[in-house]
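Here's the structure, in structure tokens; my notes come after.
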Amino acid sequence: TDIIVVAHGQANDPFWSVVKNGVEKAAEHTGANVDYRSPETFDMVAMSQLIDAAVNQEPDGLVVSIPDADALGPSIERAVAAGIPVISINSGSDVSKQLGALLHVGQDEFDAGKAAGEKLASMGGTKGICVNQEVGNVSLDLRCEGFAEGFGGSSSVLPTSNDPAEVESKVRAALDADEEIDTVMALGASTAGEPSVAAVKAIGRDIHVGTFDMSAGFLQSIVDGDAAFALDQQQFLQGYLAVNFLALHAEYGLMPGGNVASGPNLITAEKAAQVVELSAQGIR
Amino acid sequence: MSNDSTFHHGDAPKTAPIIQMNGIEKHFGNIIALAGVSFDVRPGECHCLLGDNGAGKSTFIKTMSGVHKPTKGTITFEGKPLSFDSPRDAMEAGIATVFQDLAMIPLMSVTRNFFMGREPTRGRGLLKRFDTQRANEITIEEMRKMGINLRGPDQAVGTLSGGERQTVAIARAVFFGAKVLILDEPTSALGVRQTSNVLATIDRVRKQGIGVVFISHNVRHALAVGDRFTVLNRGKTLGTAKRGEITPSELQDLMAGGQELAQLGGSLGGTV
Amino acid sequence: MSNDSTFHHGDAPKTAPIIQMNGIEKHFGNIIALAGVSFDVRPGECHCLLGDNGAGKSTFIKTMSGVHKPTKGTITFEGKPLSFDSPRDAMEAGIATVFQDLAMIPLMSVTRNFFMGREPTRGRGLLKRFDTQRANEITIEEMRKMGINLRGPDQAVGTLSGGERQTVAIARAVFFGAKVLILDEPTSALGVRQTSNVLATIDRVRKQGIGVVFISHNVRHALAVGDRFTVLNRGKTLGTAKRGEITPSELQDLMAGGQELAQLGGSLGGTV
Amino acid sequence: MKRPELGAIAGAVLVTLFFLATADSSMFTLAGVMNFMTPAAQLGILAIGAAMLMIGGEFDLSIGSMVAFAGLFFGVCSVTWGLPLIIAIPMTLVFAGMVGAINGVIVIRSGLPSFIVTLAFLFILRGLSLVGLKLATGGSTQLRGVRDAVEGDWLAPFFSGDAFQGLFASLASSGLIDSFKNGSPKVPGIPVEILWFLVIAALATYVLLRTPAGNWIFAAGGDSNAASNSGVPVARVKISLFVLTACCAALVAIITVMDAGSTDARRGFQKEFEAIIAAVIGGCLLTGGYGSAIGAFFGAIIFGMVVIGLTYTNFDQDWFQVFLGGMLLIAVLFNNAIRKRVTGER
Amino acid sequence: MKRPELGAIAGAVLVTLFFLATADSSMFTLAGVMNFMTPAAQLGILAIGAAMLMIGGEFDLSIGSMVAFAGLFFGVCSVTWGLPLIIAIPMTLVFAGMVGAINGVIVIRSGLPSFIVTLAFLFILRGLSLVGLKLATGGSTQLRGVRDAVEGDWLAPFFSGDAFQGLFASLASSGLIDSFKNGSPKVPGIPVEILWFLVIAALATYVLLRTPAGNWIFAAGGDSNAASNSGVPVARVKISLFVLTACCAALVAIITVMDAGSTDARRGFQKEFEAIIAAVIGGCLLTGGYGSAIGAFFGAIIFGMVVIGLTYTNFDQDWFQVFLGGMLLIAVLFNNAIRKRVTGER
Ligand SMILES: Nc1ncnc2c1ncn2[C@@H]1O[C@H](COP(=O)(O)OP(=O)(O)OP(=O)(O)O)[C@@H](O)[C@H]1O
Ligand SMILES: Nc1ncnc2c1ncn2[C@@H]1O[C@H](COP(=O)(O)OP(=O)(O)OP(=O)(O)O)[C@@H](O)[C@H]1O
Ligand SMILES: [Mg+2]
Ligand SMILES: [Mg+2]
């Protein structure tokens, strides 16, 4: 069986590399022939073309993430029209059914952001910044919006790049410039989260740092008490389950009856130590 | 030097000058290249601009052809005060120039260089297009007249020899020269045959009533075609002489800025 | 043309040639620039290379100075067969060249251009550094010898006049010329004073036992300093003549490729 | 010397052979070809603009951001203000052209390299797109609903969807082209961007080779000083080229926004880079004065074919960039060797 | 003409004045200065390499990817193979240098523009970093544990952390610099990258202005043909510059990996761009043959100050890119005007 995964995150994105690892594990377990593909940047036009390319190869199953239903809709509908079973992962739970996907495995970015915001507000946060390492990437923007809503207090976005030194300096600058900031929400663990922790440590104030996704380094900070939590959506499952479902579907026609929520899953100090090792291997 | 030159046709014409430059100064930052130069060209004359290296000849003719704006001084063109904003303005007024650096694009073909900025067109409206065929024919023909047989009109200028390149620039200027033709050391890289062609061309053009400004370091070339001689030295005019008023060796002394020449007297018969 | 030139010192020396080129061919794609040229230079002589525009003179001396690799033919340097891989090799063997395009970097200062590739140093080991002060002094002095007084040694070459620039290239080659000095139309942009300096320099250099290759379109310049004359035409040697074996007008006819000159006879006394 | 595009054509052949050997056979079916030609065409429209500007001796690094910015402007025109396409499209083009003209005027007036000036606009336009999107949508970075807004507009078929649908449907029903199980043709038509790409390539080639303006572009890029001394209105030529490039970007924005039905702040990200790559693969010199539109045409096809083609092969996505880089390198090396061979040593 | 860096210095003053007026006062405390100087120094080390290469007439777009690749190599050396720094660091530099040399040799041999060759390596090295990381970690894109691995190595203080810690501690205890409530100084020392930055800027300036090699670099970039005709070993000079640039990238990689304790596949993303920006702000000409290391030094500081400084201001951060672009434009325009003024018309 041939299964193609088209996702909006690049293979070198720490978050998506875990999805890809899940995909590969599933390929190994099911014996299916699986390809993971993604555009070079967050580019919806290019992604729709990749879906078209996948459909042309008439695979036995197609896994897609749907950060922009308008842009990707026609291509997904074309896949469905071609009789290819489609499962959506990660983003797009709201439109998945409507576009003809069999089911959705993942977590809604906005909801996850909201959950994180609520958690940080409950820890006493009143003024927060949302460290966004890729401004304009809609799924990251949604996380920030969700955070703002859940957090309730005042919050603003701090746009940065992927460069750890720059992120650290900028977070420091933001904290220096505004003494009232007591909460930092990072949108990626290794790119934004770890440097944020370093900045907070250097400045010596009592500030809660949370992050989306996980990295071994950040988890260690949670264990050490330098950071509050990581919001895990167990993206390994998104890759693994979607492929597994489609492989089973191709072989036996099986398919679960409803969407699978892979997250959110709050990793705090109690759980962090257990997952550090798995995270270092790209499984969590 | 004999006075019976084939090119000489008596005194310079007494008509009004086409272009008249008065007290031109040009500064580059704190370098003063021109410190007040006056000069004019009349129709049908060949006015030689002479002077040592670095005297300011090229800078001066660049102000005349719209490349530099003079720091000070006035330009009168056909009786009206004028200031050229760009070489294109000067060209449209009827001034064609061969620059010392030739103003050629090495990567482009001979034809495209020849017609650069003034392409002949065919058809009209939206269909108006570069008439390549006619352009090629003209180019080949004009170059042949100067004594150069091109391999093909689409050879890139960058692959021409130094003299061939210079000939393209001269042929172009002559072809488009309407009222004034300025030649900055046009014969410097030319062979004997091409040089004699250029000198003959200057003579022919002048007879058509065009004013020619001719810059040269070769006293013999200057004397062969010049009607008047203006000598520059360190950015200033040393004076203007009419043909016949000055002997070759006087002229040569002036051009050398009055300084002694290396022990050359005997061997070159007074003119380098 | 008198034969009592100050520069003439009898027949060319009979010593063995420093460099000998045999049957050199050079093709650019399907363009044949050289079709078998043989040539040699002996110590202490000035060998003039003459020919019409596009004859292949520059291409030929470029093969001699390591810029082009000949398509065919052999080069013998001081008796040993040799092939230069780069201009640097040729330079290290003792060949200094003034190229027609001068090989100057416009954005760099006169001094930096003068010493480009052969910078004088001071100190040693890790502290070995460009001796700017000495370089400046030498530059100013060598330029002064050629009749150019520089404003300052750190003026960018791009802001020099055409002749000043050419003088820098000549002064540089003379300063570094060890065994053979090649000059490709060195006087084309020079004023009378600078020209006479260059000719005098060629003579001085030759007397020191250096072999000089001199390319010029000026018959008078060639005759003033040349010991032998080789004429190229369309990539082939037309022949070599010793000084005294050939009259100026014969030479001029040869240089023009045997073709008729425009009606110039009278005015320029036979030599353009 | 004379034919900059020769190498690019040879490179395209090489790449095609490579994929014929390694890729899934569906890549060279009609559907597969349309599939890789669509991104190639979108890139190609940008690349032809970039190539003309490069021949004219300048760069425009802001075209990627311009795609986002013009897309936003167009989206606002049609969704927020509800303008019909006959007004929205010219407005977008004029607006983009004005920004291009500003770029050009700053470059000419200041004498700064266009690289740095347009780089500033890369940031400025990208930032304005973000701000504008948030304003237009009330906080989101994605503007949706364009498809509904332009639905039924008579101009829409020229800028979105597929052309010749009737033809393809009848071809499919007569079995001449593949169709899905439900009977609709696998390829519903030729995506309009491919037609635009062809038209623009032809026009650009005509202008460059057959008009005085083309001569001026080559001259301005070859040596702007010499060109200006010869009477070429260099400033005017260069500013026009900036306008043209910006308009190409706006056209791509219009087409992709209408196709996708939405726009976001990251549209066109790094497209300036890809456009320059395509132009250079196509034989344009970075120093200006040399190149061709046909070259850029094939350059874009090579690039599009490599990017999409690799997904038809069995390479692990992790290796994608390594292969992309390697194929780029091989394509240009090959291209260069061919050109030298055919045109003689430089 | 003679002093390319003049404008950059003026630009730096202008930017400083701007932030003095608009930014929170904490930006210009000792801690604030160190804070923006750290990324500026990391960028600056790259920018000086890029500037020297640009003066020599070439580009290297692969330095950003090289940071990731060299970081991976260094990480594997010290973590996976457990080599001491005295071996790991030279190995990394040699390895990076070799990749730089490959870049250079391909550029020289093929005669292709370095832009396109190094662009291919941008992709190749970035891709190899990902593949290598996954191999080294068994599936993750992040390699950790570098800090533990180099702990206690006598060479470590030269490449990570802060220098002069003793001095700063005593300054703090005597109240000369700010300290936290617990008595430790707010600024524990000068981050080593700043010192490296200063040393490299000084060395590069010395080489460019005071050695024969410097003359060769200017000549090779000004006109490689004329330079080679004058006896400059152009190929050797250019290849050496590629090696040097790659080594600068490797140095930055070593410093940042040791500082962060980890490396990942996205390190150095788009740093090649920023390095070129800094060099151009610093007065380097894109066409080669003109520029200075001091200029690149100030260019990097300007860029670092703008990027970090805007965070200290009250502007809505959505406008970040707009301000970044605008300030870049103003800085270079100002810089250009000053240079023209001081050195006379060009
Ligand atoms: N752009 C410039 N910037 C600075 N100085 C300049 C510039 N252009 C010319 N100069 C200086 O002005 C002086 C006159 O130069 P110009 O080129 O006019 O001399 P010229 O008479 O044409 O000499 P030649 O016979 O050698 O061509 C020279 O000393 C030169 O150094
Ligand atoms: N790189 C090249 N590619 C193609 N053709 C070339 C190249 N270089 C020179 N040629 C051709 O070779 C011929 C000889 O050129 P060369 O420069 O040697 O002439 P020359 O004798 O020096 O002439 P001049 O006196 O005008 O300088 C010319 O016709 C020229 O077009
Ligand atoms: Mg001059
Ligand atoms: Mg020549």
Side-chain angles (χ1 to χ4, degrees), chain A residues 2 4-7 10-12 16-17 20 23-24 33 35-59 67-75 78-84 132 134-142 144-145 148 157 159, chain D residues 24-27 29 31-32 34-36 38-39 42 67-68 126-127 129-130 133 139-148 180-182 184 186 188 252 256-257 259-271 274 304 307-321 324:
Chain A
D2 292 321
I4 299 180
V5 182
V6 184
Q10 296 77 55
N12 65 7
W16 287 95
S17 73
K20 183 162 181 283
V23 166
E24 276 161 7
N33 179 15
D35 274 334
Y36 178 96
R37 285 152 200 185
S38 63
E40 278 305 278
T41 67
F42 182 85
D43 183 340
M44 287 306 104
V45 176
M47 189 174 164
S48 73
Q49 286 148 0
L50 289 180
I51 297 177
D52 287 341
V55 172
N56 286 339
Q57 293 166 61
E58 302 190 38
D68 182 343
D70 276 7
L72 304 179
S75 298
R78 184 163 167 268
V80 173
I84 300 169
N132 187 341
E134 199 178 349
V135 178
N137 180 334
V138 175
S139 48
L140 294 190
D141 293 336
L142 279 173
C144 265
E145 281 171 37
V157 180
Chain D
D24 189 282
S25 64
S26 62
M27 177 166 175
T29 60
M34 290 298 165
N35 183 216
F36 70 71
T38 307
Q42 290 171 1
V67 169
R126 180 69 63 192
S129 306
L130 180 68
L133 273 170
S140 161
T141 57
Q142 199 176 47
L143 178 73
R144 310 177 64 160
V146 182
R147 206 176 291 125
D148 300 337
F180 287 127
K181 288 160 204 147
N182 65 3
S184 66
K186 273 198 170 173
V252 171
T256 51
V257 168
D259 253 350
S262 69
T263 185
D264 62 63
R266 256 183 122 76
R267 283 289 156 82
F269 188 68
Q270 296 204 323
K271 284 287 176 226
E274 294 178 5
V307 168
I308 299 290
L310 282 176
T311 69
Y312 283 95
T313 62
N314 284 324
F315 300 119
D316 185 337
Q317 174 87 11
D318 287 353
W319 287 88
F320 177 79
Q321 287 189 310
L324 181 63

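Order of the sequence lines sets the chain letters (A, B, ...), proteins ahead of strands, with each chain counted from 1.
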Quiz item: Any chance the side chains of D/Q317 and A/Q10 put a donor and an acceptor closer than 3.5 Å?
Solution: no
Self-check item: Modelled atom types, side-chain donor and acceptor of A/N56 and D/Y312, under 3.5 Å
Solution: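 Yes, because at least one side-chain N or O of A/N56 sits under 3.5 Å from a partner of the opposite role on D/Y312.
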Name the option with the most non-hydrogen atom pairs under 4.5 Å to chain A; the candidates are [options].
options	value
D/T256, D/T311, D/D259, D/D264	D/T311
D/Q321, D/M34, D/Q270, D/R126	D/Q321
D/S25, D/A265, D/A68, D/G261	D/G261

Quiz prompt | side chain to side chain contact (heavy atoms under 4.5 Å, CB included) partner of D/T141, chosen from A/L142, A/D141, A/V135, A/N137 | solution = A/D141
Quiz item: D/Q142 and A/D68: side chain to side chain donor-acceptor pair (under 3.5 Å), yes or no, with the steps?
Solution: CA-CA 8 Å; D/Q142 199 176 47; A/D68 182 343; 2.9 Å; yes
Exercise. For the pair D/R266 (side chain) and A/D43 (backbone), establish whether a donor and an acceptor sit closer than 3.5 Å, ignoring hydrogens and angles.
Key: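 Between the backbone of A/D43 and the side chain of D/R266 there is no qualifying donor-acceptor contact (under 3.5 Å).
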Self-check item: Any donor-acceptor pair under 3.5 Å from A/Q57 side chain to D/S26 backbone
Solution: no
Quiz item: Can you find a heavy atom in the side chain of D/F36 that is under 4.5 Å from one in the side chain of A/Q49?
Solution: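 They are not in contact (no side-chain heavy atoms under 4.5 Å apart), so the answer is no.
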Quiz prompt | Side chain / backbone / both / neither for D/R144 at chain A, heavy atoms under 4.5 Å | solution = both
Quiz item: Can A/R37 and D/D316 be counted as an ion pair, charged N to O under 4.0 angstrom?
Solution: no
